[in-house]
A.B. asks: 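Handing you a structure now.
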Number of protein chains: 2
Amino acid sequence: MAGRRPTLDDVARAAGVHKATASRALNPETRNQVKSETAHRITVAARRLGYVPNTLARGLRTSRSTAVGVLVPDLTNPLFPPIVRGIQDRLDAHGYTALLVNTDNDEARERAQFAELASRRVDGFIVATARRQHPLLAEAAERGTALVTVNRTVELPGTPAVVGDDADGVAQAVAHLRLLGHTRIAHLAGPQSVSTGAVRLRAFLQQAGPAGGAVVECAGYTEQAGRAATRRLLDQCPGTTAVLAGNDLIALGALAELAARGRRCPRDLSVVGFNDMPFADRFQPPLTTVRVPHHEMGVQAAQLLVELLTGPQTIARTVVLPTQLVVRDSTAAPPPPL
Amino acid sequence: MAGRRPTLDDVARAAGVHKATASRALNPETRNQVKSETAHRITVAARRLGYVPNTLARGLRTSRSTAVGVLVPDLTNPLFPPIVRGIQDRLDAHGYTALLVNTDNDEARERAQFAELASRRVDGFIVATARRQHPLLAEAAERGTALVTVNRTVELPGTPAVVGDDADGVAQAVAHLRLLGHTRIAHLAGPQSVSTGAVRLRAFLQQAGPAGGAVVECAGYTEQAGRAATRRLLDQCPGTTAVLAGNDLIALGALAELAARGRRCPRDLSVVGFNDMPFADRFQPPLTTVRVPHHEMGVQAAQLLVELLTGPQTIARTVVLPTQLVVRDSTAAPPPPL
DNA sequence: GACTCCACTGCAATCGTTCGCAGTGTTCTG
DNA sequence: CAGAACACTGCGAACGATTGCAGTGGAGTC
């Protein structure tokens with residue numbers, strides 16, 4: 001082992017001052033309180049001893065950990081790495097550190113992880129696991145916990161959020177399909193318990209008009225659920241020529257079901273995804289999808305939380321980031337009717 | 001704000017005991033030291049007050065943070081989420097928390113992040129950014145820091161590591177190509193400064209025999225570097241009918257260059273990747289590649305580190321996990337010679 | 001009945017910081 | 001030259017837990 005790490009007291013002794021002075025000299029905020037000559041001597045001593053401040057001790061004293069908890073459903077879902085990366089980048093810039101946990105959409109697990117983060121005295125939370133109704137978040141907000149949701153929203157007035165402009169994305173997608181000549185457009189809706197599922201569905205219904213298109217709700221934002229939903233859709237509405245998927249994974253499921261039936265995309269069915277996940281352009285076929293600026297979403301969420309933590313009293317605002325349809329090869333004109 | 005959180009002293013007072021007793025009652029390790037009736041009373045009081053232990057304070061006293069630092073180059077690289085997830089899963093099971101940072105292959109940034117983690121007094125490190133020569137890791141090892149590398153190794157005797165059996169993977173890939181009839185097999189080698197690049201190249205040279213195949217080293221494990229290397233390869237060795245890429249991203253770069261030249265995979269050139277990254281089966285064409293058990297790698301690395309931290313004195317061992325070729329559509333028999 | 005032993009609990013030091021307060025010495029003001 | 005203002009530094013009490021040590025009382029032993 002490394003032999004005890006040098007402490008502030010060691011540095012102080014080495015520089016011939018009191019630890020309080022050393023503390024002030026080493027902290028940029030208070031450095032001006034100490035004679036610059038002394039400060040320099042202390043800095044040198046600190047470097048020589050290889051002093052590394054103990055954030056735990058500091059946190060104990062100041063009751064601020066400069067750490068924030070980040071909750072995602074599953075890091076392995078390609079949607080989240082860019083978001084997390086954005087969060088980390090902005091958090092870093094402010095001297096905060098992210099504590100990242102996975103909840104696997106399991107409420108018990110989420111509570112356990114939340115408690116773990118609380119025990120580490122994180123200063124706030126960035127939550128990517130929000131459901132529209134979310135008791136845990138409600139309790140936290142109740143207690144005055146600093147809290148920002150990202151990608152999704154929770155139905156709690158006063159909770160800041162950063163989301164994509166899903167309604168506009170849906171509008172762009174539907175317009176694109178219309179322009180190609182599609183009239184029988186269906187929606188493979190995401191789970192309605194989360195805001196993205198609900199918002200995208202509502203926008204779809206609005207765009208599809210009173211006549212409406214078929215809607216099938218998926219059990220989850222997964223390839224498997226997407227495939228199952230597509231199966232139902234194709235069985236019940238064989239006339240469908242285009243589908244808007246709730247997200248890219250669902251779209252991937254649709255492609256899989258299509259392939260299994262020996263039908264082809266886009267010749268037999270046009271498919272539009274949502275998110276523009278990494279490598280969506282390399283799929284078979286390259287996926288037409290709505291791009292959501294995930295990295296930027298993470299950045300903004302972190303920014304919001306930091307402001308909440310440091311700012312005097314900021315207004316809880318929700319940031320809406322623009323989305324954009326990117327057209328690739330999974331959409332084409334509908335097949336001629338038989 | 002939430003009004004001060006209840007402390008151990010609050011719980012103790014509520015239960016009519018001393019905080020030391022409360023501490024013992026709440027800690028499973030020492031619970032048997034207190035009368036079970038008292039313990040129960042304390043537990044109840046704790047629950048009622050919503051007591052959450054302060055891990056920072058505990059860490060200060062015990063000089064163990066039950067947190068470990070995890071260094072990855074870039075979370076956005078699809079290789080790492082499964083590894084990180086594996087790490088987190090196993091760490092969780094032992095009550096540890098991961099502090100995840102990105103280094104972007106930048107030495108200065110890595111040092112800064114490392115220092116940040118050190119200041120949070122992590123109990124050890126899991127490093128996915130190891131280069132063969134790595135001064136930072138050497139210094140850390142020197143100081144007796146608990147340290148495990150994952151996916152890659154560092155040339156420091158006594159440093160535990162968890163890696164895939166790359167040599168065997170290469171052997172399988174080359175054998176597969178040979179069986180298809182290829183004789184002019186090239187290797188798009190990964191950077192030789194990291195162990196995976198070097199090991200895979202060595203294995204390739206060994207398999208290719210003294211005659212050898214063409215080798216081009218890529219500047220990095222990126223699509224862009226892979227594409228540039230492919231450009232050079234195709235220009236210099238037009239007779240090549242198959243390439244083994246250093247990893248999937250490089251393979252993706254090869255596919256891109258091929259497409260840009262109007263040549264097709266696998267008809268004109270067979271391509272084998274490495275890693276079997278998520279969605280490699282959905283690419284165009286679905287990628288033949290060597291599967292590396294990334295999640296399991298993470299699990300094992302975490303396990304190793306935990307043993308290192310808690311175990312009496314465990315022997316530093318390096319774990320090699322099996323790899324397996326998975327054949328998809330990016331490989332085929334070579335085109336007939338003109 | 002005096003002794004030991006044991007189960008249980010309290011006392012107080014400690015971990016490494018930060019920060020209010022007080023104590024220097026120096027300079028400025030009138 | 002007295003007094004105030006100021007710049008700088010030291011003192012010591014927190015922050016919230018853990019833990020060695022000591023104290024208490026009751027049960028067991030001979």
Side-chain angles (χ1 to χ4, degrees), chain A residues 2-43 45-46 49-67 95 118-123, chain B residues 2-43 45-46 49-67 95 118-123:
Chain A
R4 199 174 50 71
R5 286 200 102 101
T7 137
L8 196 52
D9 219 356
D10 297 331
V11 175
R13 228 187 322 272
V17 297
H18 190 267
K19 58 179 174 172
T21 309
S23 170
R24 287 188 268 256
L26 261 21
N27 187 335
E29 306 276 324
T30 50
R31 172 150 193 179
N32 56 349
Q33 295 177 23
V34 27
K35 187 164 32 166
S36 66
E37 184 191 349
T38 325
H40 182 254
R41 192 155 34 96
I42 294 171
T43 310
L49 295 183
Y51 170 70
V52 178
N54 186 329
T55 306
L56 275 56
R58 176 205 305 252
L60 180 58
R61 177 62 227 255
T62 61
S63 63
R64 295 188 43 230
S65 61
T66 58
S119 89
R120 294 191 183 269
R121 292 296 186 270
V122 293
D123 296 332
Chain B
R4 200 173 50 72
R5 286 198 102 100
T7 139
L8 195 53
D9 220 356
D10 297 331
V11 176
R13 228 187 320 272
V17 296
H18 192 265
K19 59 177 172 175
T21 308
S23 170
R24 287 187 268 257
L26 261 19
N27 187 334
E29 306 276 324
T30 50
R31 170 147 195 181
N32 56 350
Q33 294 177 23
V34 26
K35 185 161 41 163
S36 66
E37 183 192 349
T38 323
H40 183 253
R41 192 155 34 96
I42 294 171
T43 310
L49 296 182
Y51 170 70
V52 179
N54 186 329
T55 306
L56 274 56
R58 176 206 306 248
L60 180 58
R61 176 61 226 254
T62 60
S63 62
R64 292 187 46 229
S65 60
T66 59
S119 88
R120 293 190 184 270
R121 291 298 186 270
V122 293
D123 295 332

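Each chain gets a letter, A, B and so on, in the order the sequences are listed, and its residues count up from 1.
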A.B. asks: What's the separation between atom CZ in B:R13 and atom NE2 in B:H18, rounded to the nearest 0.5 Å?
C.D. replies: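 Interatomic distance, B:R13 CZ to B:H18 NE2, rounded to 0.5 Å: 10.5 Å.
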
A.B. asks: How is B:S63 classified with respect to the nucleic acid when contacts are heavy atoms under 4.0 Å: base, sugar-phosphate, or nothing?
C.D. replies: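 Result for B:S63 = nothing.
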
A.B. asks: How many whole angstroms separate atom CZ of A:R24 from atom C1' of D:dA7?
C.D. replies: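 The distance from CZ of A:R24 to C1' of D:dA7 comes to 12 Å, rounded to the nearest Å.
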
A.B. asks: As an exercise, state the distance from CZ of B:R58 to CG of A:L60, rounded to the nearest 0.5 Å.
C.D. replies: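 Spacing of CZ (B:R58) from CG (A:L60) equals 13.0 Å.
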
A.B. asks: Can you tell me the distance, in whole Å, between the CD atom of A:Q33 and the P atom of C:dT24?
C.D. replies: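 The answer, rounded to whole Å, is 20 Å.
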
A.B. asks: Distance alone, cut at 3.5 Å: any donor-acceptor contact between the side chains of B:R120 and A:T66?
C.D. replies: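 Judged by distance alone, the side chains do pair up.
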
A.B. asks: If you look at every strand shown and take non-hydrogen atoms under 4.0 Å, does A:T38 touch a base, only sugar-phosphate, or nothing?
C.D. replies: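 Sugar-phosphate, backbone atoms only, no base.
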
A.B. asks: Just the rounded figure in Å: distance from C1' of D:dG16 to CG of B:N27.
C.D. replies: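 So the two atoms are 15 Å apart, to the nearest Å.
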
A.B. asks: Please work out if A:T62 contacts a base, only the sugar-phosphate, or nothing of the nucleic acid, heavy-atom cut-off 4.0 Å.
C.D. replies: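 A:T62: backbone/sugar contact only, no base atoms under 4.0 Å.
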
A.B. asks: Within this structure, what is the OG-CZ distance for the pair A:S36 and A:R31, rounded to the nearest 0.5 Å?
C.D. replies: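 Interatomic distance, A:S36 OG to A:R31 CZ, rounded to 0.5 Å: 7.5 Å.
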
A.B. asks: Report yes or no: does A:R121 contribute a side-chain atom to a donor-acceptor pair with the main-chain N or O of A:S65 at less than 3.5 Å?
C.D. replies: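 Not at all, since once roles are kept as given, no pair shorter than 3.5 Å links the two residues.
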
A.B. asks: Nearest whole angstrom, please: distance from the P of D:dC15 to the CG of A:L8.
C.D. replies: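 One finds 20 Å between P of D:dC15 and CG of A:L8, rounded.
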
A.B. asks: Nearest whole Å is fine: how far is C:dG16 C1' from B:R58 CZ?
C.D. replies: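 Atom-to-atom, B:R58 to C:dG16, this comes out as 18 Å.
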
A.B. asks: Rounded to the nearest angstrom, tell me the gap between atom CG in A:N54 and atom C1' in D:dG16.
C.D. replies: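 Distance check: A:N54 CG to D:dG16 C1' gives 14 Å.
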
A.B. asks: Can you sort out which residues in residues 11-21 of chain B have a heavy atom within less than 4.0 Å of DNA chain D? Ascending by number, please.
C.D. replies: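 Within this stretch, B:K19, B:A20 sit under 4.0 Å of the strand.
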
A.B. asks: In whole angstrom, give the distance that lies between atom CG of B:D123 and atom C1' of C:dC15.
C.D. replies: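 Taking atom C1' of C:dC15 as the reference, CG of B:D123 is at 15 Å.
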
A.B. asks: So how far is it from B:D9 CG to B:Y51 OH, rounded to the nearest 0.5 Å?
C.D. replies: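 These two atoms lie 10.0 Å from each other.
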
A.B. asks: Which distance, rounded to the nearest 0.5 Å, do you find between the CG of B:L26 and the OG1 of B:T21?
C.D. replies: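 OG1 of B:T21 is found 11.5 Å from CG of B:L26.
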
A.B. asks: A:L56 has an atom CG; how far is it from atom P of C:dT17, in whole Å?
C.D. replies: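 Distance, rounded to whole Å: 11 Å.
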
A.B. asks: Between D:dT9, D:dA17, C:dG16, which nucleotide gets closest to the side-chain atoms of B:L60?
C.D. replies: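 Looking only at heavy atoms from C-beta outward on B:L60, the closest nucleotide is C:dG16.
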
